[in-house]
Amino acid sequence: SQQGEEDPQALSIQEGENATMNCSYKTSINNLQWYRQNSGRGLVHLILIRSNEREKHSGRLRVTLDTSKKSSSLLITASRAADTASYFCAHDNYGQNFVFGPGTRLSVLP
Amino acid sequence: EAQVTQNPRYLITVTGKKLTVTCSQNMNHEYMSWYRQDPGLGLRQIYYSMNVEVTDKGDVPEGYKVSRKEKRNFPLILESPSPNQTSLYFCASSSPTGGDGYTFGSGTRLTVV
């Protein structure tokens with residue numbers, strides 16, 4: 001399997017704090033994406049970063065990509081209780097199918 | 001509204017009884033894929049399709065079949081379901097490069113008894 005890894009598996013923080021999740025992968029990629037999933041629901045696309053980009057922002061989200069280390073991070077700033085969800089990274093596999101990591105479960109406590 | 005529609009949302013069936021989970025998208029996406037999600041294992045890809053009549057195995061294809069006769073539809077077929085196929089299934093679609101990310105369906109919770 002070419003499945004990547006996220007860490008930590010679970011993260012619990014207080015409202016207002018920043019949350020950082022990391023993702024590692026094994027293959028060459030064209031892009032890497034982050035998704036959010038509320039319990040039992042479909043995944044929602046958050047942000048995409050291409051292999052020639054190093055950092056991307058979208059609202060309170062900041063994604064970095066280090067292709068030399070085959071890793072990415074997702075930072076959520078000023079977290080809210082509504083950010084409680086599981087977060088997944090996904091990458092294309094040599095430009096073909098997309099592979100998801102096992103996810104990070106984020107709990108934001110009020 | 002751009003969406004991926006899966007049916008049914010919930011299904012309880014018995015071992016060996018053939019079933020089909022339908023998936024349809026209205027975004028003219030070439031790429032479609034099926035995943036199953038199990039606790040602690042994340043999303044594992046079952047099959048994917050790059051375009052009409054083009055399908056390929058993902059990481060866990062055993063016990064599943066798919067077809068892509070039309071661009072918008074990508075049904076998942078379980079010819080003889082077994083209890084280890086009890087899972088939450090998701091269909092997703094995207095443009096070929098995935099440039100706008102995947103659009104996911106709402107999921108199908110399948111229980112095989």
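Chain identifiers are assigned alphabetically (A, B, ...) following the order of the sequence lines, protein sequences preceding nucleic acid strands; residue numbering begins at 1 within each chain.
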Next on the checklist: Please check: side-chain N/O of B/Y35 versus main-chain N/O of A/V99, any donor-acceptor pairing under 3.5 Å?
Outcome noted: no
Next on the checklist: Counting only heavy atoms from other residues, nucleotides and ligands, does the tally under 6.0 Å from CD of A/Q9 exceed 12?
Outcome noted: no
Checklist entry - Sequence neighbours excluded, which residues qualify as salt bridge (Lys or Arg N to Asp or Glu O under 4.0 Å) partners of A/R62? => result A/E55
Checklist outcome for this item: When rounded to the nearest 0.5 Å, the distance separating NE2 of A/H45 from OH of B/Y102 is 11.5 Å
Next on the checklist: Using the rule that Ile, Leu, Val, Met, Phe, Trp and Tyr join whenever any side-chain heavy atoms are under 4.5 Å apart, tell me whether A/L74 and A/Y25 fall into a single cluster.
Outcome noted: yes
Checklist entry - Near B/K65 NZ, under 6.0 Å, is it more than 12 heavy atoms from other residues, nucleotides or ligands? => result no
Item to check | Atom pair CZ (A/F88) and CD (B/Q37), whose distance is rounded to the nearest 0.5 Å | outcome: 5.0 Å
Checklist entry - For chain A, which residues from residues 106-113 of chain B lie under 4.5 Å away (heavy-atom distances)? => result B/S106, B/R109
Checklist entry - Taking only residues at least two apart or on different chains, which pairs with a member in residues 20-39 of chain B satisfy salt bridge (charged side-chain N to carboxylate O under 4.0 Å, His left out)? => result B/E30-B/K71, B/R36-B/D38, B/D38-B/R44
Checklist outcome for this item: Residue set satisfying salt bridge (Lys or Arg N to Asp or Glu O under 4.0 Å) with A/R60, at least two apart, ordered chain then number -> A/D83
Next on the checklist: How about CZ on A/R80, more than 12 heavy atoms from neighbouring residues, nucleotides or ligands closer than 6.0 Å, or not?
Outcome noted: no
Next on the checklist: Are A/L106 and A/L46 connected into the same hydrophobic cluster when the rule is that any two of I, L, V, M, F, W, Y join if their side-chain heavy atoms are below 4.5 Å apart?
Outcome noted: yes
Checklist entry - Rounded to the nearest 0.5 Å, how far does CG of B/L41 lie from CZ of A/F100? => result 15.5 Å
Checklist entry - Quick one: what part of A/Q37 sits under 4.5 Å from any heavy atom of chain B, side chain, backbone, both or neither? => result side chain
